[in-house]
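In what follows, a structure is listed as C-alpha cells, so that the remarks can point back to it.
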Amino acid sequence: MRRSVNHRLKSAQSAVRISYHSGPHKVRKDHDWNSWSQIMDNQVFNEDGIEIDRKGGGPAGSVELGEVASAVGSAHRYQSQETGIHDAAHALCLDNRNCAEMFMCGVGSSVLPDSASSIIGHCSVRSQMTKTPVIAAQSPSNGDRSHSYPADSNKHNFAPSVPEEEQKEVQCVGIPGSQSFSGTIPRLIVTCDSRPGPTAPQAAGPGGFSPDIQPEEDSPCSDSGFGSSPIPSLLFRKLSNSSSAGLSPASSFEESEDDFVGSDMDLNIHTAAPNTLVARDEMAGKAWERLRAVLQWSPPMVSCKKRSPWVQLAGHAGSFQAGDYGKLLKRYCETEERCLQRLMGDLLRPFVPGYYGVVQRNEQDYNVMDDLLADFHSPAVMDCKMGSRTYLEEELLKARERPQLRKDMYEKMMEVDPAAPSPEEHSQQAVLKPRYMQWRETLSSTATLGFRIEGIQKADGTCNKNFKKTKQRDQVMEALRDFVDGDSQILKTYLWWLKELRIALEKSQFFRTHEVVGSSLLFVHDSTGKARVWMIDFGKTATLPPPRTLDHRTPWVEGNREDGYLWGLDNLIDIVAAMLPTA
Ligand SMILES: O=P(O)(O)O[C@H]1[C@H](O)[C@@H](OP(=O)(O)O)[C@H](OP(=O)(O)O)[C@@H](OP(=O)(O)O)[C@H]1O
Ligand SMILES: Nc1ncnc2c1ncn2[C@@H]1O[C@H](COP(=O)(O)OP(=O)(O)O)[C@@H](O)[C@H]1O
C-alpha cells in the first residue's frame with residue numbers, strides 16, 4: 001500500500017511538471033494525447049477512464065482516506081512554503097481523484113488554505129486530461145475535448161522554468177507608503193482630424209485619411225464575432241441573464257445544486273488576515289494538520305456544494321462557460337494563456353485564478369481557470385479595472401497606421417454623453433478605438449486615480465455596471481461603502497489583501513517584465529466575513545522585450561509602456577484605508 005501511494009505521488013509530480021510546461025503557445029492538437037499518456041506511464045486506466053492500481057486493479061479512487069492523508073503528509077514534507085502547499089495539494093489530488101472530488105465538494109474547500117484548495121481543484125481538470133473523463137456520467141462536458149499539455153519527457157524540473165529570484169518566498173518587509181503620481185496622463189487623442197499635429201494620426205492619402213468603417217477593431221483578445229454565439233446548455237450551471245440594476249444585463253450561472261457543505265470545519269483564513277504572507281503560510285501549515293486529521297477520521301463524503309450564481313461584471317459577452325467542479329472556461333486567448341502559465345510559477349500565483357490549460361468545447365478553445373466565486377456563499381463581487389491606460393501602445397500605433405472607425409464605440413459614447421463626440425465623429429457616426437478608450441478613461445477615475453470600478457454585484461443579486469462616470473474619490477468611496485454594505489471588517493480584510501498584493505507585485509518578476517493593461521482586480525466577499533482579491537484578465541498583458549522593465553508608477557508617455565498599475569493600487573489602498581475608522 002505504501003509503495004502504491006509513493007508511486008502515485010511520483011505520478012502526480014510528473015503530471016505537475018507537464019502542467020506547467022510553458023512550451024509553444026499555440027492551440028494544441030489531438031495527437032498530443034499520445035504524449036500525455038506516455039507521461040502518465042505510471043498510471044493505468046480502465047475503460048471508464050478510471051485510474052486503476054497496476055497491482056491491485058481497483059480504482060485509484062478506492063484508496064483509503066488514511067492513506068491519502070499520509071500522502072498529504074509526505075508531500076507536504078517536501079516543501080513547507082507556499083509552493084509546497086501547492087505541491088502537496090497536487091500530489092494529493094492526483095493521487096486520488098475521488099477523494100479530491102470530495103475536497104472540491106466541501107471538505108477541502110473548507111479546511112484548506114485557498115492556495116491549496118485551488119490546486120486541489122486542479123485534479124478534477126487534470127482528471128479530464130485522461131482519455132475519458134473520470135466521472136463521465138457527471139461531466140457537463142458538452143463535447144469537451146481537453147488538449148493535453150505538450151509533453152516534454154526531457155524536462156524533469158518539477159517547478160516551471162521560472163527564474164530563481166521569482167521562486168523565493170515573499171517576505172513581508174513592511175507596507176510601502178503610498179506613492180503619488182506626479183505627472184498627468186498625456187492626452188493622446190486620436191481622431192479622424194487630418195490636421196497635422198504631434199499626436200494626430202497621419203493622413204493616409206490626399207485630403208486626410210479615409211479609414212475603413214469597421215463594426216469592430218480586433219484587439220489581441222477581442223471577441224469580435226463571438227459575442228452573439230449561442231451558449232450551449234450546461235449540466236451543472238447554466239448561463240442566464242441575472243437581474244440587473246445597471247446599464248447592461250449581466251450573465252450569470254443559475255443556482256442549481258443543493259448545499260451540503262459542512263460549515264463546522266471552516267477555517268476562515270481570509271478574515272484572519274495575518275500581517276504577512278509568511279504568517280499565512282504558518283496558518284496554512286496548521287490547516288494541513290487539520291486536513292490530515294479530517295481525512296483520517298471522516299467518512300467518505302459524496303457531496304456537492306451549492307453553486308452561487310455566477311456573474312460576469314465586465315468584458316466580452318459570451319466569453320465564459322461553466323467548467324466542471326468550480327472551474328471556469330474563458331474563450332481562448334493566446335496572450336492570456338501565456339500569462340497564466342507564467343503566473344503559475346510566479347510570486348503572484350496566490351493572487352490569480354489557478355490555471356489548468358486549454359480545453360475545446362464545440363470547436364471553440366477555452367482557457368480553464370478557477371471560478372473565483374466557487375467557494376463563496378451568495379458572494380458580493382466587484383470588478384475594478386487597474387491602471388491609468390486601458391489600451392496597448394501597439395493599439396495606438398495600429399490606429400495610426402490602419403485606422404478603423406468603430407460605429408459601436410460611437411454608439412456607446414452617445415448613450416452616455418451625446419455631446420462627447422466631435423463634429424467630425426458625429427458626421428462619421430464612428431470613432432477610433434483609442435479615442436473611445438481615452439474618453440472612457442477621463443470620464444471615469446482611470447485617468448485621475450489609476451483604476452476604475454467596472455461593475456458590482458451585491459449579495460442580493462442586484463448588479464450595477466453604471467460606473468462609467470464614477471470619477472471622484474468620494475464617488476469611489478460611496479460605491480465601495482455600498483459594495484461592503486458599510487461593513488468595516490470586510491473593508492479591513494480587503495485592505496489587508498490589497499497590501500499583500502502590493503508587496504507581491506513589487507517583488508514579482510512577472511509584473512516587472514510585463515505591461516499590464518486592461519487587467520482587473522476581482523473583489524469577492526460573502527456574509528461569512530470571507531473576503532478576497534484576485535487579479536484577472538491578462539488578455540492585454542504584453543511581455544516587454546528584455547532587459548526592459550516597468551515600475552508601474554511612472555507616468556505614461558508614449559513609448560515608455562508604463563501602465564500606472566501600482567499607482568492605481570496605491571490610490572485604491574489609500575482610499576480604502578481612509579474609509580476605515582481610525583484606531
Ligand atoms: O467597457 P466598454 O466601454 O464596453 O469598452 C470595452 C472595454 O474597454 C474592453 O476592455 P476589457 O476587455 O478590458 O473590458 C475592450 O476590449 P479589449 O480588451 O479587447 O480592448 C473593448 O474593446 P473591443 O474588444 O475592441 O470592443 C471595449 O469596447
Ligand atoms: N476566474 C474568474 N472567476 C470568477 N469570475 C470571473 C473570473 N474571470 C472573470 N470573471 C468575471 O468575468 C468578468 C469579465 O472577465 P474578464 O477576464 O475581464 O473578461 P474579458 O477578457 O472579456 O474582459 C469579470 O468582471 C468577472 O465578473
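Counting convention: from 1, in listed order, for ligands and their atoms alike. All heavy atoms count here, side chains included; hydrogens, waters and symmetry mates do not.
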Query - Nitrogen or oxygen atoms of L373 and ligand 2 under 3.5 Å apart - result: no

Query raised in the report: For W534, is the nearest heavy atom under 4.0 Å from an atom of ligand 2?
Result: no

Query raised in the report: Under the 3.5 angstrom rule, does the side chain of T390 hit a backbone N or O of G518 as a donor-acceptor pair?
Result: no

Report summary line: Contact region, L328 to ligand 2, non-hydrogen atoms below 4.0 Å, reads side chain

Query - Test: R389 and E558 ion pair at under 4.0 Å - result: no

**Report entry** Numbering as shown, the atoms of ligand 1 that approach G518 to under 4.0 Å (heavy-atom distance)
**Finding:** 13 (O)

Query raised in the report: Any nitrogen or oxygen of K540, main chain or side chain, under 3.5 Å from a nitrogen or oxygen of ligand 1?
Result: yes

Query - K465/D383 under salt bridge (Lys or Arg N to Asp or Glu O under 4.0 Å): CA gap, chis, key distance, verdict - result: CA-CA 10 Å; K465 297 185 184 180; D383 180 308; over 6 Å; no

Query raised in the report: Counting each atom of ligand 1 from 1 as listed, which ones have a heavy atom of M437 under 4.0 Å away?
Result: 8 (O), 20 (O)

Query raised in the report: Considering only heavy atoms of Q312, which atoms of ligand 2 have at least one such atom less than 4.0 Å away?
Result: 12 (O), 13 (C), 14 (C), 27 (O)

Query raised in the report: Just going by heavy-atom distances, which of G315, C463, A314 is nearest to atom 14 (C) of ligand 2?
Result: A314

Report summary line: L392 and A542 have their tightest heavy-atom pair at CD2-CB, 4.4 Å

Query raised in the report: Take atom CD in Q429; do more than 12 heavy atoms of anything else shown fall under 6.0 Å from it?
Result: yes

Requested in this report: With sequence neighbours excluded, tell me which residues meet salt bridge (Lys or Arg N to Asp or Glu O under 4.0 Å) with K385.
Outcome: none

Requested in this report: Just jot down the ligand 2 atoms closer than 4.0 angstrom to any heavy atom of V311, in number order.
Outcome: 11 (C), 27 (O)

Query - Nearest heavy atoms of F483 and M382, plus distance in Å - result: CZ-CB, 3.5 Å

Requested in this report: Determine, using heavy atoms of K330 and all atoms of ligand 2, whether some pair is separated by less than 4.0 Å.
Outcome: yes

Query raised in the report: Quick check: does H316 get an N/O under 3.5 Å from an N/O on ligand 2?
Result: yes

**Report entry** Atom pair CG (L328) and CG (N367), whose distance is rounded to the nearest 0.5 Å
**Finding:** 10.5 Å

Report task. Could you see which bit of L522 sits under 4.0 Å from ligand 2, with heavy atoms only: side chain, backbone, both or neither? Result -> side chain

Query raised in the report: Does ligand 1 have an atom under 4.0 Å from some heavy atom of T390?
Result: no

Query raised in the report: In terms of atom number and element, which parts of ligand 2 are under 4.0 angstrom from non-hydrogen atoms of D383?
Result: 24 (C), 25 (O)

Query raised in the report: Are Y436 and W439 close enough that their ring centers fall under 6.0 Å?
Result: yes

Query raised in the report: Which option, R452, Q404, K433, owns the non-hydrogen atom nearest atom 20 (O) of ligand 1?
Result: K433

Query - Numbered atoms of ligand 1 (with element) below 4.0 Å of R440, judged on heavy atoms - result: 1 (O), 2 (P), 3 (O)

Report summary line: The side-chain hydrogen bond (donor to acceptor under 3.5 Å, both in side chains) partners of K471 (sequence neighbours excluded) come to none

Query - Salt-bridge criterion met for D370 and K327 (N-O under 4.0 Å) - result: yes

Query - Which of the ligand 2 atoms, numbered from 1, are nearer than 4.0 Å to a heavy atom of I536 - result: 9 (C), 24 (C)

Query raised in the report: For ligand 2, does D537 get within less than 4.0 Å through its side chain, its backbone, both, or neither, judged by non-hydrogen atoms?
Result: both

Query raised in the report: How far apart are the C-alpha atoms of R342 and T543, what are their side-chain angles, what is the distance that settles it, and do they pass the side-chain hydrogen bond (donor to acceptor under 3.5 Å, both in side chains) test?
Result: CA-CA 11 Å; R342 288 180 185 169; T543 314; 3.0 Å; yes

Query - Any Y436 heavy atom less than 4.0 Å from ligand 1 - result: yes

Query raised in the report: Would one find an N or O of H316, backbone or side chain, under 3.5 Å from an N or O of ligand 1?
Result: yes

Query raised in the report: In terms of atom number and element, which parts of ligand 1 are under 4.0 angstrom from non-hydrogen atoms of K412?
Result: 2 (P), 3 (O), 4 (O), 5 (O), 6 (C), 27 (C), 28 (O)

**Report entry** Ligand-side contact atoms (ligand 2) for residue partner D371, heavy atom cut-off under 4.0 Å
**Finding:** 3 (N), 4 (C)

Query - Polar contact flag, side-chain donor to acceptor under 3.5 angstrom, Y332-Q364 - result: no

Query raised in the report: So, D346 versus S508: side-chain donor-acceptor pair below 3.5 Å or not?
Result: yes

Query raised in the report: For K468 and ligand 1, does the shortest N/O to N/O distance drop below 3.5 Å?
Result: no

Query raised in the report: Which is closest to atom 1 (N) of ligand 2 by heavy-atom distance: V352, V524, D370?
Result: D370

